[in-house]
Amino acid sequence: MATTLFISDLHLDACRPATTRALATFLGRQRHCAQLFILGDLFEAWLGDDDDSPLVAEVAAMLREFTAAGPRLGIMVGNRDFLLGTGFCERAGARLLRDPTVIDLYGEPTLLMHGDSLCTADTDYQAFRRQVRDPEWQAQLLRQPLARRRDLAAELRARSRDANSMKRTDIMDVTAAEVERQMRRHGVGQLIHGHTHRPARHEAAAGLRWVLGAWEENGWFISASPEGVSLHSFPIIQ
Ligand code: MN
């Protein structure tokens with residue numbers, strides 16, 4: 001069937017097994033789609049493609065089974081799993097997507113992003129993003145032993161939680177001017193992203209902006225076909 005699906009922000013974590021089960025159910029139901037795009041933050045944290053945790057093995061196997069059945073799979077990293085690389089993608093039968101990526105979605109040029117780069121009002125975060133996206137910085141981190149990276153990840157998460165609780169909520173959303181700028185720059189009339197946990201369909205000046213939701217009480221996905229694009233949610237059984 002000519003259907004393209006998009007999900008993001010599952011924040012998979014060993015301490016929230018219901019979300020992993022919900023992904024397994026989703027993949028089983030959607031195995032006849034043409035392609036699936038995961039637009040960042042599939043995992044709550046990523047220590048490196050050498051992570052030997054049971055969760056990583058389980059999700060890699062699940063995605064491998066899905067792609068072996070036919071659908072193509074593209075994975076973009078988010079601000080949580082920014083270290084995810086080609087090693088994991090190969091195990092999953094996926095290709096690693098750059099952020100941003102432009103695709104032809106049934107004749108409509110569509111920009112795909114995680115969405116964190118659009119939150120330009122959060123200057124602290126943008127400085128942090130530049131640091132962690134630096135290939136040198138990443139290489140240095142990946143040279144540390146896995147156990148040390150596990151400690152660092154826990155530290156970063158605690159710090160991010162503290163910082164976010166202090167910020168005004170409007171800082172955490174995308175900047176309208178940046179959305180316009182990116183859409184015009186890439187010559188698209190449609191944008192699909194996640195990150196902000198504000199699932200919606202917006203009519204921006206440059207075109208349509210679709211926002212995916214985080215998988216918490218509900219799971220979210222966007223479905224596109226030659227007939228159109230739509231946003232869907234379903235309950236996650238805890
Ligand atoms: Mn994110």
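One-based numbering, in listed order, for ligands and for the atoms of each.
By the 4.0 Å N-to-carboxylate-O rule, Asp50 lies too far from Arg150 to be salt-bridged with it. For Asp9 and Arg80, the salt-bridge test fails: no basic side-chain N is under 4.0 Å from an acidic carboxylate O.
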Review item, side-chain donor-acceptor pairs of residues 210-221, under 3.5 Å, at least two apart:
from: Trp210; atom 1: NE1; to: Gln190; atom 2: OE1; distance (Å): 3.3
from: Trp215; atom 1: NE1; to: Trp220; atom 2: O; distance (Å): 2.9

Quiz item: Would Leu23 and Leu42 count as a side chain to side chain contact (heavy atoms under 4.5 Å, CB included) if you check the C-alpha gap in whole Å, the side-chain angles of each, and the deciding distance to 0.1 Å?
Solution: CA-CA 10 Å; Leu23 174 61; Leu42 172 60; 4.3 Å; yes

Quiz prompt | side-chain hydrogen bond (donor to acceptor under 3.5 Å, both in side chains) between Gln182 and Glu178, intermediate numbers included | solution = CA-CA 6 Å; Gln182 292 299 332; Glu178 184 61 13; 2.9 Å; yes

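Excluding water, every protein N/O/S atom under 2.8 Å from the Mn ion (ligand 1) is given here by residue and atom: Asp41 OD2, Asn79 OD1, His114 NE2, His195 ND1.
Although no hydrogens or angles enter the test, the distance criterion places a donor-acceptor pair under 3.5 Å between the side chain of Arg16 and the main chain of His11.
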